[in-house]
Each structure stands twice: as structure tokens, then as C-alpha cells.
K.L.:
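Before I ask anything, here is the structure I am working with.
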Number of protein chains: 2
Amino acid sequence: MTGPEKTEARKSKILEAATKIFSEKGFQDATISEIAKAAGASDAFVYEYFSTKENLLFSIPREHMQKLFENIEFHLKLIRGAVNKLHATLYMQLIYYSEHPEFTAVLLLILKHNRKFINTDAHKEIRDYLKIVDRCLKEGVESGEIYADIDPYYLRATLIGSLEHIVINWLLRGKPENLMDAFEPMFEVCLKLIQKKPETPNCPLLSQKNVEQEP
Amino acid sequence: MTGPEKTEARKSKILEAATKIFSEKGFQDATISEIAKAAGASDAFVYEYFSTKENLLFSIPREHMQKLFENIEFHLKLIRGAVNKLHATLYMQLIYYSEHPEFTAVLLLILKHNRKFINTDAHKEIRDYLKIVDRCLKEGVESGEIYADIDPYYLRATLIGSLEHIVINWLLRGKPENLMDAFEPMFEVCLKLIQKKPETPNCPLLSQKNVEQEP
DNA sequence: ACTAAATAATAAATGTTATTCAATTATTAT
DNA sequence: ATAATAATTGAATAACATTTATTATTTAGT
């Protein structure tokens, strides 16, 4: 392994060690010494690549999100229908989470609620992912597959909010069962929410708001 | 103000200062000195009431959650119908969040994703609140108001997940609009999700699963 | 192959901040 | 008023992120 390659490998190794230790102990209780040791480097060497402990934390998602993003974009080209695309997108997201639980813990338990991180370049990849969901919803509304009478912002909030809530609970409970078991029931709930019933001319209640709610 | 009263008042003052400063800077960047100064006390005095900085953080929600819990329990006695009760419960939660944005930031941005906090006594009050939601859902399923064919866990995950997602986004975007503006559209989405359509004997599609999804 | 420059790597030094402790002031009870 | 107790704090300690100065290693020119 030559110079720059070795360097890249070492950098990756630090990022991996950081992911593992941050996910286990949280940002607070993880120390640079511990991470450096796990990566086989000295404390000071960590600072060659990452200006601060926080910058090290913020550097974790980039590569993951890019990989997930590209993977989803590739598969979506092969899928017809907005609801099917949405299904595939959320499924791939959940698969990725379930296969990378340490990264997921860092992302959902530490980063996603961090104001500083949100205003970082590194957060761009996460917004790119959300744009895919928005695109699917838009396509579905235009094609008539998905309800048009709800602000798409609330649709997306419900989809992403439910999914992340379930993943976060899974993480906090110590990942007892296979995360993928939750996917179909959850997506079924979401379908109820977003998907128009097929046209039924003799049954007008189906295609309009029809439920009165006493005040 | 006599001894023990003064003490309680000072303790509250520290908690308030901590809430404010934690919500502004995050746990990381807030210092005990800063909190002590804001509360008009010395650094060492903070440790009279709170054993560690983390314990101070964990002590913030108790009183808030108790107040919210009692308030909801009181009002629910006056309301008939599971969906109405759910509406009122989520509404009161959102009102509380919107009226106590600093506490809400501490709760939703710092505490809710903290493994140590989850295993703390202080977290009990939060579980009590969730039990109210569960009770409403159960009542609704039993009375036929709410779909019985979905695991209630996913219903609750969707309700709470959506609501918190919206509140977290509101916090992270700097609380630009009135949070309550989001409530009715959000609850409408949730109703689509949970509420059975009224019985329509001549329209069997309404009361059963009827949507085929191509594979 | 040899050396100068550049780069990689680290040990030790520094500064900040949570936490503890010993000392001081205020309050209460007798 | 005085002893006893509680409240309060300034100063000491320790852990840890970050910097600096120094040493080892690689690279490129001859």
C-alpha cells in the first residue's frame, strides 16, 4: 500500500472506529484517545484528518448517504408507478439502516437533531435523499395514485416520521428483532394514508372526504 | 421567603436557566458556569441539587411532563369518543410544546434519543403520556371508531412519529411560524390513517382491505 | 545510493471545564 | 447568645480536547 492510499485507508479506519464508539457510548462519553486507539493511531494523528471531535462526528454520514442515494437512484429507474417507487425507496432505506446499525445509531440518535450538523455541508446528502421521497410523492399526486388533497409536506413528514420513529425505538430497545419485520406493517399503514382507493363509480364515498367530526 | 421555600425556588431557577441554555447551545456547549451565572448561583452550588451536569439535564422534564399529564387526564374526562380524545390529547401536547419551546428543544433534540435517559426514572413520565395515547387507540378499536386490522404499535408510531417529526423540524428551522398552524392538517392526515369510514352496507369495499398492489 | 525537503506521526504541553473539597457564612434551635 | 446545622462558595483536582514542538519516514533530485 503506497502513500496516499495508506492515508485514505487510515482515514477510513478512524471513521469506522469513531462510528462504532460513538454509536456505543454517545458523543459525550466517547473519547478521542479511545477512537485513536481503536483505529491504531495516536490521538494527535486523528487531528491530521479531522479538525475537531465534532468534525469527526459530522464526517461520518457522507459516504454512507452517497452510497444509499446512488443505490436508490439506480433501482428507481427500473420501477414503474409512484407508490411502487416509494415502497422501494423506503425499503432500501430501511435495509441500509438494518445492515449498518452503528452508522444508523450515529445518524438517528446523535446527528439528526443537531442544529450545527443541519447547517453543515455534510447534511446536503440527507436532503438529497428526502428529495427522492418528494419526487415520488409528486409523481404519485400527478398520476392520480396518491391523494392530492393533503399538503405533501405532511405526507412526507408522516412517512419519514413514522419510519424514523420505529428505527429509533428499535435502536433504543437494543435491536432485539429484525428491523425488516417492521417494514411491511409500517408501509401498509402508510399506504392507507397516501394511496387513493381505485375509482368506484357506484360508491361515491370512496373518492372524497366523507367523515364528519363532531367539534 | 423562608428556608426550604427559598431552596425550592433556587432549584427551580437553576432548572430554568439550564433549560434555556441547553436549548440554545446543546448539552455539549453549555457550561455549568454559564448556567450557574444565569441562575445567580455559584458553580459549586449547582452540585448541591444536581449530582452531575447530566443529572441536571435529566431533571428537566419531570415537572413539565407531570403537568402535561395531569392536564390531559383532566380534560379527557369531559370528552366522549376515542377519536375526539385522541384529537384533544395530541392537541394539548402540541399546545404545550408550542408554549414551552425551550423545554421542547431539550426534550426532543437532546433527551428523547439518549440511551441513558431512556433508562432513567425521569423517563417514566414520558411513558405515562404514551399510555394515554395507547388507551385512546384501544378504546377506539373496541368501539369500532378506529381500524382494528393494524397493529396498534404502528398506529401509535405513526401518530407520535409524525407529530414529533414536525415539531423537530419546526425547532431546527428556528420556529418560524406558529406551531399550532400545523396541527389540523397533521391531524387530518392521521385521521385518514386511523379512522374507519362510517358503515355503508351497500359499499363493501369500504370496510375491508381492497387495494391490490402489483409486486 | 545519498541527501534535502516534505510529509507523517507522535509525545508532551496547554487550556478548558466538570467535579470535589475545605472553608466560610447564614440560619435555626435551645 | 451560642451551639449546631444548613447553605454557599473559592480554590484545588482531574479528565479530556486541542496545540505545539519534536522525531521518524517517505519522496525526489542528483
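By convention in this document, chain letters (A, B, ...) are assigned in the order of the sequence lines, proteins followed by strands, and residues within each chain are numbered from 1.
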K.L.:
Counting only non-hydrogen atoms, which of residues 49-62 of chain B are less than 4.0 Å from DNA chain C?
P.N.:
B:Thr52, B:Lys53

K.L.:
Mind jotting down which residue pairs meet the side chain to side chain donor-acceptor pair (under 3.5 Å) criterion with at least one end in residues 99-111 of chain B? Sequence neighbours excluded, please.
P.N.:
none

K.L.:
Quick one: side-chain contact (heavy atoms from CB on, under 4.5 Å) partners of A:Ala105, sequence neighbours excluded?
P.N.:
A:Ser23, A:Leu109, A:Leu171, B:Arg115

K.L.:
Restricting both atoms to N or O, compile the protein contacts to nucleotides 11-15 of chain C shorter than 3.5 Å, with distance only.
P.N.:
none

K.L.:
Extract all donor-acceptor atom pairs below 3.5 Å that involve side chains of residues 67-74 of chain A and protein atoms in other chains or at least two apart in sequence.
P.N.:
| residue | atom | partner | partner atom | Å |
| --- | --- | --- | --- | --- |
| A:Glu73 | OE2 | A:Arg135 | NH2 | 3.1 |

K.L.:
Checking B:Pro185 now: which residues fulfil side-chain contact (heavy atoms from CB on, under 4.5 Å) with it, not counting sequence neighbours?
P.N.:
A:Tyr154

K.L.:
In whole angstroms, how far is the P atom of C:dT17 from the NZ atom of B:Lys37?
P.N.:
13 Å

K.L.:
Within a 6.0 Å radius of atom NZ on B:Lys20, are there more than 12 heavy atoms belonging to other residues, nucleotides or ligands?
P.N.:
no

K.L.:
Measuring to OP1 and OP2 of C:dA8, would you say a side-chain N or O of A:Arg10 lies under 4.0 angstrom away?
P.N.:
no

K.L.:
Under 4.0 Å, heavy atom to any atom of DNA chain C: which of residues 13-31 of chain A qualify?
P.N.:
none

K.L.:
Among all residues two or more places apart in sequence or in another chain, which pass the ring-ring contact (aromatic ring centres under 6.0 Å, His included) test with B:Phe22?
P.N.:
B:Phe27

K.L.:
Taking the side chain of A:Phe45 as its heavy atoms from C-beta onward, which of C:dA9, D:dT9, C:dA18 lies nearest to it?
P.N.:
C:dA9

K.L.:
Taking salt bridge (Lys or Arg N to Asp or Glu O under 4.0 Å) as the test, write out the residues that go with A:Lys37, two or more places apart.
P.N.:
none

K.L.:
Residues two or more places apart in sequence or in another chain: which of them pass side-chain contact (heavy atoms from CB on, under 4.5 Å) with A:Ser12?
P.N.:
none

K.L.:
With a distance cut-off below 6.0 Å to the six-membered ring centre and an angular limit of 45° from the axis, does B:Lys192 pair with A:Tyr147 as a cation-pi contact?
P.N.:
yes

K.L.:
Does D:dT30 pair with anything, Watson-Crick or G-U wobble, both distances under 3.5 Å, and if so, with which nucleotide?
P.N.:
C:dA1

K.L.:
Whole Å only: how far is the CD atom of A:Glu48 from the P atom of D:dA21?
P.N.:
15 Å

K.L.:
Output all residues satisfying ring-ring contact (aromatic ring centres under 6.0 Å, His included) with B:Tyr129, sequence neighbours left out; order by chain, then residue number.
P.N.:
none

K.L.:
Who passes salt bridge (Lys or Arg N to Asp or Glu O under 4.0 Å) against B:Glu63, sequence neighbours left out?
P.N.:
none

K.L.:
Write down the distance between CD1 (B:Ile32) and C1' (C:dT16), rounded to a whole number of angstrom.
P.N.:
14 Å

K.L.:
Using whole Å, what does the distance between atom C1' of nucleotide C:dT19 and atom OH of B:Tyr47 come to?
P.N.:
5 Å

